[in-house]
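All remarks here apply to the structure that follows.
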There are 2 protein chains.
Amino acid sequence: MEGHRLDQVFGAVSDSTRRAILARLASSEARVTELAEAFPISLNSTSKHIRVLERAGLVRREVRGRDHVLSLNAGPLEEASAWIEHYRRFWDDRLAALDTFIQTKREQTHRRNPR
Amino acid sequence: MEGHRLDQVFGAVSDSTRRAILARLASSEARVTELAEAFPISLNSTSKHIRVLERAGLVRREVRGRDHVLSLNAGPLEEASAWIEHYRRFWDDRLAALDTFIQTKREQTHRRNPR
DNA sequence: CATACATTCACCCACATGGGTGAATGTTCA
DNA sequence: TGAACATTCACCCATGTGGGTGAATGTATG
């Protein structure tokens with residue numbers, strides 16, 4: 001089955017630690033160690049999470065000497081957003097149709113039992 | 001780390017087979033076997049995928065005799081959408097700020113080197 | 001009742017992942 | 001150069017998952 005990129009993006013944000021990392025990076029860029037200190041997991045675990053986010057294109061890395069500075073890149077969320085919105089639109093339409101149906105039913109009932 | 005529901009929703013849609021199942025269910029409800037026939041995986045694999053989608057609340061099951069009829073429930077995508085939109089908004093703001101910055105820089109340059 | 005059909009359950013396998021520890025590598029700086 | 005620091009690499013472990021097969025369960029129907 002195709003869809004490699006969406007797999008990675010959705011997979012990356014399906015972990016709450018990684019979502020927290022993204023939230024942290026939204027306020028400002030940070031080093032790996034800084035991120036590790038902000039969460040109750042080891043430095044190495046943090047490093048792995050960052051790699052997952054990087055693979056999905058959601059985090060960019062700039063090596064400055066011995067520091068690796070991470071920053072948020074929300075670009076890849078574009079496609080994910082489009083995918084979700086498609087279903088939300090479908091859903092809204094479906095709810096609207098249901099509403100129309102109920103409305104019609106009610107009118108029919110009124111016609112059959114007037115007041 | 002909290003965030004259980006988003007984990008399940010994002011995790012569910014991070015697999016392209018499951019996204020295909022959702023796409024199929026968007027056109028009409030279907031039985032487990034019907035879905036299994038539509039994809040190059042076994043009936044049992046399909047059943048497992050459906051369970052994942054059900055756990056995330058994206059698919060509802062109605063048992064009619066010996067048939068289990070699945071239907072799409074896009075409701076849980078609401079929260080997922082909100083999460084993504086938050087970052088997209090951040091991203092748009094950031095791009096706008098960058099644009100303003102470039103604009104300002106350009107004006108400064110013009111002031112320094114007038115025509 | 002007996003049979004066919006729909007679905008799940010109970011396993012198996014290979015592989016990814018989220019967590020950890022300790023060592024290796026690379027960079028800064030006194 | 002040598003020491004301190006930042007990060008990754010190479011492992012280990014438990015668990016989940018995507019795939020499979022074969023048996024068990026439950027329902028419909030001749």
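Chain A is the first sequence line, chain B the second, and so forth, proteins listed ahead of strands; every chain is numbered from 1. Values in this document were obtained by computation on a predicted structure and should not be read as measured data.
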For [X], give me all partners under side-chain contact (heavy atoms from CB on, under 4.5 Å), at least two apart in sequence or on another chain.
X       : result
B:Ala30 : B:Arg24, B:Leu25, B:Glu34, B:Leu35
B:Glu78 : A:Arg88
B:Glu37 : B:Thr33
A:Arg61 : A:Ile50, A:Glu54, A:Val63, A:His68, A:Leu70

| Under-4.0 Å side-chain N/O to phosphate OP1/OP2 contact, B:Ser47 with C:dT8 | yes

| said: Please confirm whether the shortest side-chain N or O distance from A:His68 to OP1 or OP2 of D:dT8 is below 4.0 Å. | reply: yes

| query | When all nucleic acid strands are considered with a 4.0 Å heavy-atom cut-off, which category describes A:Arg51: base, sugar-phosphate, or nothing? | reply | nothing

Take atom [atom1] of [X] and atom [atom2] of [N], then tell me their distance rounded to the nearest Å.
X       : N      : atom1 : atom2 : result
A:Ile50 : D:dC9  : CD1   : C1'   : 15 Å
B:Glu54 : C:dT8  : CD    : P     : 8 Å
B:Phe39 : D:dG18 : CZ    : P     : 14 Å
B:Glu62 : C:dT7  : CD    : P     : 13 Å
A:Phe10 : D:dT17 : CZ    : P     : 18 Å

| task | Identify, between B:Arg31 and A:Thr46, the residue whose nearest nucleotide on DNA chain C lies closer to the 5' end. | result |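 This one resolves to B:Arg31.
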
| request: Check step by step if side-chain contact (heavy atoms from CB on, under 4.5 Å) holds for A:His49 and A:Asp15. | output: CA-CA 9 Å; A:His49 280 305; A:Asp15 181 279; 3.8 Å; yes

| request: Quick one, give me the B/S/- string for nucleotides 23-30 of chain C, reading 5' to 3', where B means a protein heavy atom under 4.0 Å from the base and S means that only happens at the primed atoms, P, OP1 or OP2. | output: ----BS--

| query | Can a salt bridge be assigned to the pair A:Glu29 and A:Arg64 using a cut-off of 4.0 Å between side-chain N and carboxylate O? | reply |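 Yes.
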
Between the protein and nucleotides 15-19 of chain C, list every N/O to N/O distance that falls short of 3.5 Å.
unit_1, atom_1, unit_2, atom_2, d
C:dG18, OP1, A:Arg18, NH2, 3.1
C:dG18, OP2, A:Arg18, NH1, 2.9
C:dG19, OP2, A:His49, NE2, 2.3
C:dG19, N7, A:Lys48, NZ, 3.4
C:dG19, O6, A:Lys48, NZ, 2.6

| Among B:Leu72, B:Leu77, B:Thr17, whose side-chain contact (heavy atoms from CB on, under 4.5 Å) with B:Leu22 holds? | B:Leu72

| query | Will you find, in the side chains of A:Ser71 and A:Glu62, an N or O donor that is under 3.5 Å from an N or O acceptor? | reply | no

| field | Side-chain touch B:Pro76/B:Val9, heavy atoms, less than 4.5 angstrom | value | yes

